[in-house]
Amino acid sequence: MSYFSIQNVSKSYDSQKALHDFSLNLDKGQFLAVVGESGSGKSTLLRIMAGLEVQDSGTVHLGQDEILNPKKKLVSGYNEIKLIHQDFHLYPNINVEENISRTLLHFEKEYAKNRVETLLRLLGLKEFRDRLPRQLSGGQQQKVAIAKALSVEPEILLLDEPFSSLDTIQKHKLITELKELFREMGTTVIFVTHDLDDALRLTDNLIILQKGKVVQKGNSQELCQHPKTRYIARLFSPINAIPDREFSYVRPADVKLRTKGEFLAHVVDSRFLVHFNSLQVRLKNSGQLWEVDDPLRKYQAGDRVYLSFEEGKVLVLKQ
Ligand code: ADP
Ligand code: MG
């Protein structure tokens with residue numbers, strides 16, 4: 001049996017399926033990201049994994065032990081499996097140090113003291129130990145929440161879109177720092193998010209969830225090159241529908257701009273988007289709007305361009 005194992009878990013609210021026959025096996029110390037749009041069942045999944053929600057069927061095991069849901073366990077939840085939410089749940093009237101040590105009240109004093117010191121150091125919070133939560137930035141508050149969760153030395157850490165309230169630079173910095181920390185501590189981490197880019201900063205081990213079902217598993221290269229659904233394809237880039245060819249799409253980077261070619265189009269707009277220059281073009285015959293890359297920034301609104309693409313680059317996506 002693997003270390004953390006979810007077997008055929010399903011859950012409905014009223015008659016609506018929130019999670020359908022979800023299974024997963026994870027080794028100790030592995031990182032996993034579950035990516036899905038809002039309402040795809042991510043939070044439901046994490047709550048069931050943490051023993052905080054009653055599933056309709058299926059089981060969760062950590063090692064040999066079954067994780068019991070609130071129906072089967074008097075005090076719900078486990079120290080071994082900690083869930084961190086988007087809103088930090090810090091105590092507002094006590095300082096950083098007390099927030100972290102509050103969860104360790106029932107532990108031996110010396111141990112608790114050492115543990116708090118270690119976490120303050122690891123998360124770079126030493127200089128903020130005397131501050132109240134409201135005197136911290138969003139990123140610092142999130143670190144305190146993570147320190148609180150890590151204080152009881154959980155084996156599994158479940159992150160429920162915890163970086164949504166941070167700006168991009170803060171977020172990227174924090175994810176990089178945490179990744180190192182989790183590695184050091186040997187924590188097994190499951191991170192759910194709607195943002196593929198955030199997921200990839202933590203791990204390339206991905207599960208894509210749509211309407212409560214796993215639609216695809218794999219690394220980013222597999223998912224980008226062989227997406228099973230349009231939703232998955234669009235996580236990586238926009239896709240352009242090919243006129244008169246059902247279910248066929250091509251990515252902006254795979255469209256070549258030529259002075260001669262198959263599709264005549266007019267440039268509607270040109271935008272510089274950091275890694276490339278994006279052109280919005282309108283196909284002359286079908287009237288469709290496409291987005292294509294113009295890496296050399298050769299074209300601008302009003303220009304005529306011809307478009308072509310290799311057959312091998314066409315994505316066929318029926319759903
Ligand atoms: P996500 O975290 O991916 O946004 P959720 O797990 O929160 O998705 O929700 C999955 C589905 O279950 C949604 O359709 C949501 O409306 C529904 N749902 C979640 N929690 C409840 C609840 N307590 N009562 C009724 N429906 C719920
Ligand atoms: Mg959610």
Side-chain angles (χ1 to χ4, degrees), residues 4 6-24 26 31-60 67-73 75-78 81-90 138 141-142 145-146 148-149 154 156-168 171 174-175 178 188-203 205-218 220 223 227-236 319:
F4 191 50
I6 321 292
Q7 295 301 328
N8 309 100
V9 165
S10 292
K11 170 77 183 174
S12 296
Y13 294 103
D14 308 320
S15 59
Q16 206 199 348
K17 275 223 154 76
L19 201 60
H20 182 74
D21 201 21
F22 185 96
S23 295
L24 167 74
L26 217 53
F31 296 171
L32 169 75
V34 179
V35 180
E37 58 199 336
S38 176
S40 58
K42 304 183 297 295
S43 297
T44 303
L45 172 65
L46 291 195
R47 286 201 307 270
I48 293 171
M49 285 176 172
L52 298 172
E53 178 88 73
V54 181
Q55 68 269 43
D56 300 336
S57 56
T59 54
V60 180
I67 297 303
L68 301 175
N69 63 48
K71 232 185 197 168
K72 298 180 175 171
K73 187 169 178 282
V75 181
S76 53
Y78 289 80
I81 307 176
K82 280 285 165 194
L83 173 61
I84 300 183
H85 297 273
Q86 185 176 335
D87 35 348
F88 316 133
H89 297 303
L90 299 179
Q141 289 182 42
Q142 189 62 72
I146 289 166
K148 266 180 70 174
I156 315 264
L157 195 62
L158 307 174
L159 301 168
D160 193 351
E161 311 212 42
F163 311 117
S164 310
S165 55
L166 307 182
D167 65 51
T168 312
K171 187 166 68 178
L174 184 58
I175 295 177
L178 288 176
T188 305
V189 182
I190 301 174
F191 172 33
V192 309
T193 176
H194 62 277
D195 191 325
L196 178 71
D197 191 54
D198 288 358
L200 290 178
R201 276 169 201 278
L202 185 74
T203 174
N205 183 17
L206 304 167
I207 285 184
I208 312 295
L209 206 58
Q210 258 182 295
K211 298 198 179 94
K213 283 187 194 158
V214 173
V215 276
Q216 201 165 356
K217 294 180 187 192
S220 52
L223 298 185
K228 285 198 177 149
T229 68
R230 288 189 283 274
Y231 168 72
I232 298 171
R234 287 195 183 105
L235 288 171
F236 293 87
Q319 41 172 330

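The first residue of the sequence shown is numbered 1, and numbering continues consecutively from there. As the structure lists them, so they are numbered: ligands from 1, and atoms in each ligand from 1.
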Handout entry: Contact check: T44 to the Mg ion (ligand 2), N/O/S below 2.8 Å
Key =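 For T44, the answer is no, given that no N, O or S atom comes within less than 2.8 Å of the Mg ion (ligand 2).
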Handout entry: Charged tip of K211 within 45° of Y231 ring normal and under 6.0 Å
Key = no
Exercise for the section: Determine if the distance from atom 27 (C) of ligand 1 to the closest protein heavy atom is below 4.0 Å. Expected result: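 So atom 27 (C) of ligand 1 has protein heavy-atom neighbours under 4.0 Å.
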Problem - Protein heavy atom under 4.0 Å of atom 16 (O) of ligand 1 - result: no
State, to 0.1 Å, how close [X] and [Y] come at their nearest heavy-atom pair, and which atoms those are.
| X | Y | answer |
| --- | --- | --- |
| Q142 | I84 | NE2-CG2, 3.6 Å |
| I175 | D198 | CD1-O, 4.0 Å |
| G41 | L209 | C-CD2, 3.9 Å |

Handout entry: Sub-4.0 Å atoms of ligand 1 with respect to non-hydrogen atoms of E37
Key =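 Result: 3 (O).
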Exercise for the section: Under 4.0 Å from a heavy atom of S38: give me the atoms of ligand 1 that qualify, with their elements. Expected result: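 Per the distance check, 4 (O).
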Problem - Close N or O approach (S43, ligand 1; < 3.5 Å) - result: yes
Problem - Nitrogen or oxygen atoms of G39 and ligand 1 under 3.5 Å apart - result: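 Yes.
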Practice task
Report the member of A18, S12, G41 with the shortest heavy-atom distance to atom 8 (O) of ligand 1.
Solution key: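 Considering heavy atoms of A18, S12, G41, the nearest to atom 8 (O) of ligand 1 sits in G41.
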Handout entry: Taking atom 6 (O) of ligand 1 as the reference point, the nearest protein heavy atom with its distance
Key = T44 OG1, 2.5 Å
Handout entry: Heavy-atom nearest neighbour in the protein, as seen from atom 19 (C) of ligand 1, with distance rounded to 0.1 Å
Key = Y13 CE1, 3.3 Å
Problem - Rounded distance (nearest 0.5 Å) linking atom NZ of K11 with atom CZ of R47 - result: 8.5 Å
Practice task
Working to the nearest 0.5 Å, report the span between CD1 of I6 and CE of M49.
Solution key: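 Spacing of CD1 (I6) from CE (M49) equals 4.0 Å.
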Problem - Side chain proximity check, L178 to F191, heavy atoms < 4.5 angstrom - result: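 The answer is no, as the side chains (C-beta and beyond) never meet within the 4.5 Å cut-off.
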Problem - Side-chain touch K171/D195, heavy atoms, less than 4.5 angstrom - result: yes
Problem - ligand 1 versus Q16: contacting region, heavy-atom distance under 4.0 Å - result: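 Under 4.0 Å from ligand 1, Q16 contributes side-chain atoms alone.
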